[in-house]
Amino acid sequence: MADTGLPTGWEVRHSNSKNLPYYFNPSTKESRWEPPAETDTDKLKVYMAQNHTPAARSDPSGEGEGKIRCSHLLVKHRDSRRPSSWREADITRTKEEAIEILKGHEQRIQSGEITLGDLAVAESDCSSARKKGDLGFFGRGEMQKEFEDAAFGLQPGEVSSIIETASGVHLIERVQ
């Protein structure tokens with residue numbers, strides 16, 4: 001593994017909704033846009049230049065080897081890693097309440113009443129809502145493990161059952 005210069009326990013991840021790298025600590029579930037204290041900034045600059053510049057991530061088609069494209073609808077709850085969203089500054093619902101909300105959305109999608117993308121625009125707690133939940137292309141290791149496992153298990157056009165991650169609860173639709 002490349003030396004990122006980050007303190008022990010921290011890693012660099014990539015936000016598909018903002019198309020920017022961010023810093024995440026899987027053990028504490030803390031995520032942040034700025035490097036954590038005690039980062040060796042010289043090592044981090046080298047790592048970022050090699051791994052997170054547009055050239056390092058470029059793929060003219062947007063579709064790299066082994067990459068898939070998904071949309072999702074996220075419902076956060078008070079135990080989510082960031083219990084706030086563009087829809088709600090302070091999310092206080094329980095995980096159980098979030099699951100019940102998502103079950104209602106799931107029924108509407110399955111019945112053909114509405115598409116996941118059209119529902120995501122108004123109901124998703126992710127900033128990708130403005131893009132109908134579209135997360136773009138991603139490969140293995142770029143998403144939270146539970147999300148990735150579910151997404152890669154879907155066929156194009158298929159919608160997942162309810163998936164729980166540190167971010168909240170999701171319905172995922174594989175687009176490509």
Side-chain angles (χ1 to χ4, degrees), residues 4-39 41 44 47-48 51-52 57 67-106 109 116-154 159-175:
T4 61
L6 295 170
T8 303
W10 286 88
E11 57 190 48
V12 179
R13 293 202 175 168
H14 195 82
S15 166
N16 285 311
S17 58
K18 296 192 183 296
N19 198 27
L20 293 170
Y22 67 97
Y23 308 97
F24 182 69
N25 185 322
S27 52
T28 63
K29 305 290 187 227
E30 182 182 354
S31 68
R32 52 188 302 155
W33 293 109
E34 300 302 318
E38 298 155 31
T39 296
T41 54
L44 181 61
Y47 174 81
M48 296 304 279
N51 297 281
H52 285 275
R57 297 186 57 86
K67 292 194 174 215
I68 62 172
R69 185 175 192 167
C70 292
S71 295
H72 79 135
L73 194 162
L74 169 66
V75 178
K76 291 185 176 186
H77 50 80
R78 65 180 174 217
D79 297 319
S80 298
R81 72 174 181 204
R82 280 193 303 267
S84 66
S85 76
W86 67 273
R87 298 177 63 237
E88 219 172 329
D90 184 25
I91 296 173
T92 58
R93 72 178 70 89
T94 65
K95 180 165 73 170
E96 293 70 26
E97 289 169 328
I99 289 170
E100 285 306 310
I101 290 168
L102 207 51
K103 281 180 180 175
H105 296 332
E106 185 178 33
I109 293 165
L116 182 142
D118 287 342
L119 200 52
V121 170
E123 301 296 334
S124 183
D125 284 318
C126 181
S127 59
S128 68
R130 67 182 180 275
K131 298 181 288 186
K132 292 189 164 196
D134 187 358
L135 296 170
F137 286 95
F138 59 89
R140 294 225 179 250
E142 295 181 45
M143 297 290 185
Q144 294 172 50
K145 180 159 177 35
E146 305 89 344
F147 189 98
E148 176 184 301
D149 289 348
F152 276 89
L154 297 170
V159 177
S160 72
S161 56
I162 294 172
I163 305 300
E164 293 182 34
T165 70
S167 297
V169 291
H170 313 252
L171 288 175
I172 306 166
E173 180 176 18
R174 178 149 172 202
V175 179

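Not measured: the values here are computed from a predicted model. Residue numbers start at 1 and run along the sequence shown.
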[X] vs [Y] side-chain heavy atoms within contact, under 4.5 Å:
X	Y	result
Pro35	Trp10	no
Ile99	His77	no
Leu74	Val169	no
Ile162	Lys103	yes
Ile91	Ser85	yes

Taking the side chain from [X] and the backbone from [Y], do they hold a donor-acceptor pair closer than 3.5 Å?
X	Y	answer
Arg78	Pro83	no
Arg174	Leu154	yes
Arg82	Ser167	no

Shortest non-hydrogen contact from [X] to [Y]?
X	Y	result
Ser124	Trp86	O-NE1, 2.9 Å
Tyr23	Met48	OH-CE, 4.1 Å
Ala151	Cys70	CB-SG, 3.8 Å
Leu6	Glu11	CD1-C, 3.7 Å
Glu146	Ile163	O-CG2, 3.7 Å
Ile101	Val75	CG2-CG2, 4.1 Å

Among side-chain atoms of His170 and Ser160, is any donor-acceptor pair under 3.5 angstrom? no
Apply the test side chain to side chain contact (heavy atoms under 4.5 Å, CB included) to residues Glu173 and Ile109: give CA-CA distance (whole Å), side-chain angles for both, the deciding distance (0.1 Å), then the verdict. CA-CA 11 Å; Glu173 180 176 18; Ile109 293 165; over 6 Å; no
Gap between atom [atom2] of [Y] and atom [atom1] of [X] - 0.5 Å precision:
X	Y	atom1	atom2	answer
Glu100	Glu106	CD	CD	11.0 Å
Lys29	Asp79	NZ	CG	12.5 Å
Asp134	Leu116	CG	CG	10.5 Å
Phe152	Ile68	CZ	CD1	4.0 Å
Gln144	Phe24	CD	CZ	6.0 Å
Ser71	Leu119	OG	CG	12.0 Å

Kindly indicate, with the supporting measurements, whether the criterion side chain to side chain contact (heavy atoms under 4.5 Å, CB included) is fulfilled by Phe147 and Ile172. CA-CA 8 Å; Phe147 189 98; Ile172 306 166; 3.6 Å; yes
Among Lys76, Arg81, Arg87, the one residue meeting salt bridge (Lys or Arg N to Asp or Glu O under 4.0 Å) with Asp125: Arg87
Side chain to side chain contact (heavy atoms under 4.5 Å, CB included) between Arg140 and Asp149: does it pass, once the steps are laid out? CA-CA 9 Å; Arg140 294 225 179 250; Asp149 289 348; 4.2 Å; yes
